[in-house]
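The first residue in the sequence is number 1, and the count goes up from there.
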Amino acid sequence: MTIDDPAVVAEVTAAFHAYERALMADDVAVMDALFHDAPSTVRYGVGEVLYGADEIRAFRKGRGGSPQRRLGRVAIHAYGRDFATADAEFFREGGDRRGRQSQSWVRFADGWKIVSAHVSLEGDTA
């Protein structure tokens, strides 16, 4: 298995940044398109636990947009040609409390998709 093939890392990096742009613009259609549309997809957020693409979509529709943020360090690694992880630090607008985001990406026939995501803020105990 090749780890961190530059071409694969570049593809996932582009997908990661497309998701980040969609998140900041509250472009729900793009965010939904970048998550794997399946009951097996999971997203743990700062205040929610979502199992399946239907729950994730419902959450996004009712949320009214993500708090604005800036990215800190981002680490993207590929394991073979079809699996990658993206881990990022972020800081919400107007604050210095660090947030963390982890995503597992899988290459499907229709492109790279997030199959698992976790978002938390440093110091959260919930």
Do [X] and [Y] share a hydrophobic cluster (ILVMFWY, side-chain heavy atoms under 4.5 Å, transitive)?
X   : Y   : value
V28 : V30 : yes
V46 : Y19 : yes
F59 : Y44 : no
I56 : M24 : yes

[atom1]-[atom2] distance between [X] and [Y], expressed to the nearest 0.5 angstrom:
X    : Y    : atom1 : atom2 : answer
S116 : R43  : OG    : CZ    : 11.0 Å
F16  : L34  : CZ    : CG    : 11.5 Å
D5   : Y79  : CG    : OH    : 13.5 Å
H36  : W112 : NE2   : CH2   : 13.5 Å
R21  : D27  : CZ    : CG    : 10.5 Å
R98  : F91  : CZ    : CZ    : 6.0 Å

Mind checking whether [X] and [Y] have side chains closer than 4.5 Å, heavy atoms only?
X    : Y   : result
S104 : F83 : yes
H77  : V8  : no
Q68  : R92 : no
L23  : M31 : yes

message = So if I apply the side chain to side chain donor-acceptor pair (under 3.5 Å) rule between Q101 and each of H118, R69, E89, which one comes out positive?
response = R69
key: Salt bridge present between D37 and R57 (N-O < 4.0 angstrom)   = yes
ask   = Is it true that E48 and R63 make a salt bridge, defined as a side-chain N closer than 4.0 Å to a carboxylate O?
value = no
ask   = Are R60 and F35 in a cation-pi setup, meaning NZ or CZ lies under 6.0 angstrom from the ring centre and within 45 degrees of the ring axis?
value = yes
